[in-house]
Amino acid sequence: MSSLLNCTQNNTDPFLNISVENCELFAESSTSVKWLKTFAYSVILLFSLFGNLAVILIVWKNERMRTTTNLLIANMAASDLLISVFAVPRELTETFGGKRRWLIDGVLGLVSCKLVYVFQDISTAVSIQSLVIIAIDRYRGVVYPFHLPLITSKVCKAVIPIIWIIAVGLHSPYFYTVRLLVQDNKWYCEFNWAPKFDNRETQEKYFVFISIILIFLPLCVILTLYTRIVLELKKRNNINSTVSELRRQRQKEDIAIVKKILAIVFLFIVCIVPVTIMALLLYFVWNWTLPCGMDKLYVAAKYVFYSNASLNPCVYFTLNKKYRQGLKDLTRCLSDSARERELEIALQ
């Protein structure tokens, strides 16, 4: 998603014709600011790598954890790893090398240029689709508790590859638009719809399409389903005294799960809305010209967007006792393995 907001801090982007007003605020960042940005993105990198890898390993190693919701959470964790592996290193490179600067040339440079932007942006598509499937599964389980599950674990394992295929398909235009270009003997990884399409018009239409398909419609579905779920749980709470103990326990579990998922949805919305609003303003209000100071706001919005990948594991471990226990078991297992290797080395 962030790649659709193709703005730079230069006075004019030679490839995309996105410009900024001339003002002192657009001076090159100082060394201290660059190191501060490096530290901030390094925090995202570390938390995202270790947190999301831990989530995936916990679900993979514990068979009881392989429910539909947990499998989709692990799927989101895998997509968040793409931010760590592709987006954050690119941001760190741009911090010191300049906007859209690319350090690799030739065929390898072209391939890596395209793949980095494809992989970092399909992360959003995978996450939002996973949240939709979780919402459908929760709706079915809460509103129709006596019906057979619509999305079983086996069905979920078939749905997950479809989610990734759809994500790649929606971002397949990147294989055409992302180019490796040279200027002043320096290589840049840029977006450009020309010569087959009008660059500005096509970029705006594609942004609107992606925003509707990957943000507006999915969030409408998610919010509608969870509103229905919350209303159903409130209705049951009013007649709680007339139901069996087993039903009350099931209701408590449903409420706990819904709260956790709503926290993830809320965090996703908070992180993706700022960068989406920036893109809307850039394309349809500012006419592809950033006013003075908006580059700083864009940098902040983009950082918030990328931080979602590192914050999600924190939500899982904070709100879910099973994930916390799984993290303890995983840490203990790694610690025991390390001691065994030290012992083997000592005995050699």
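We count residues from 1, following the sequence as given.
Checked for salt-bridge contact, Asp137 and Arg140 miss the test: no charged N lies under 4.0 Å from a carboxylate O. Under 4.0 Å is where a charged nitrogen must lie from a carboxylate oxygen, and between Arg66 and Glu63 no such pair does.
For the atom pair CZ of Phe216 and OG1 of Thr276, the computed distance is 13.0 Å after rounding to the nearest 0.5 Å. Taken to the nearest 0.5 Å, the CD1 atom of Ile134 stands 5.0 Å off from the CD1 atom of Ile73. We find the CD1-CD1 distance between Ile213 and Ile128 to be 12.0 Å, quoted to the nearest 0.5 Å. To the nearest 0.5 Å, atom OH of residue Tyr206 and atom OH of residue Tyr174 are 5.0 Å apart. For the atom pair CD (Glu91) and CD1 (Ile83), the distance works out to 10.0 Å, reported to the nearest 0.5 Å.
In this structure, the side chains of Ile272 and Phe268 come closer than 4.5 Å at one or more pairs of heavy atoms. Lys322 is not listed as a side-chain neighbour of Ile58, based on a closest heavy-atom distance of 4.5 Å or more. Contact annotation: the side chain of Phe317 approaches that of Val55 to within less than 4.5 Å [non-hydrogen atoms, C-beta and beyond]. Side-chain contact between Lys260 and Val315 is absent, with no heavy-atom pair separated by less than 4.5 Å. In this structure, Ser172 and Val168 have side chains that are not in contact, with every pair of non-hydrogen atoms separated by 4.5 Å or more. For the pair Tyr188 and Trp102, the minimum side-chain heavy-atom distance is 4.5 Å or more. Contact annotation: the side chain of His171 approaches that of Leu214 to within less than 4.5 Å [non-hydrogen atoms, C-beta and beyond].
Defined by atom type and a distance below 3.5 Å, a donor-acceptor pair is missing between the side-chain atoms of Ser48 and Ser310. Between the side chains of Asp329 and Gln325, at least one donor-acceptor pair of N or O atoms lies under 3.5 Å. Residues Thr95 and Trp35 have side chains that never bring a donor and an acceptor to within less than 3.5 angstrom of each other. Side chain to side chain, Trp288 and Glu204 meet the donor-acceptor criterion of an N or O pair below 3.5 Å. One side chain, Arg200 or Asn287, offers a donor N or O that lies under 3.5 Å from an acceptor on the other.
Taking hydrophobic clusters as Ile, Leu, Val, Met, Phe, Trp and Tyr residues chained together by side-chain heavy-atom distances below 4.5 Å, Ile257 shares a cluster with Val143. The hydrophobic clustering, which links ILVMFWY residues whose side-chain heavy atoms are closer than 4.5 Å, places Phe175 and Val107 together.
Within a 6.0 Å sphere centred on OH of Tyr176, heavy atoms belonging to other residues, nucleotides or ligands number more than 12. Residue Phe284 qualifies as enclosed at atom CZ: its count of foreign heavy atoms under 6.0 Å is above 12.
Nearest approach of Asn199 to Trp193, heavy atoms of both residues: OD1-N, 2.8 Å. Nearest heavy atoms, Ile269 versus Pro274: O-CD, 4.5 Å. Here the closest non-hydrogen pair linking Leu180 and Gly106 is CD2-O, 3.9 Å.
Exactly one of Ile104, Leu181, Val178 qualifies for a side chain to side chain contact (heavy atoms under 4.5 Å, CB included) with Cys189. That residue is Val178. Between Leu82 and the options Val118, Ile122, Val126, a side chain to side chain contact (heavy atoms under 4.5 Å, CB included) holds for only Ile122. Screening Ile261, Ile255, Leu262 for a side chain to side chain contact (heavy atoms under 4.5 Å, CB included) involving Val258 leaves a single residue, Leu262.
Taking the six-membered ring for Trp and the full ring otherwise, Phe86 and Tyr117 have centroids separated by 6.0 Å or more.
Counting side-chain heavy-atom gaps under 4.5 Å among Ile, Leu, Val, Met, Phe, Trp and Tyr, the cluster of Phe39 also holds Val43, Phe47.
Remark: the backbone N or O of Asn192 is paired with a side-chain donor or acceptor of Arg179 at under 3.5 angstrom.
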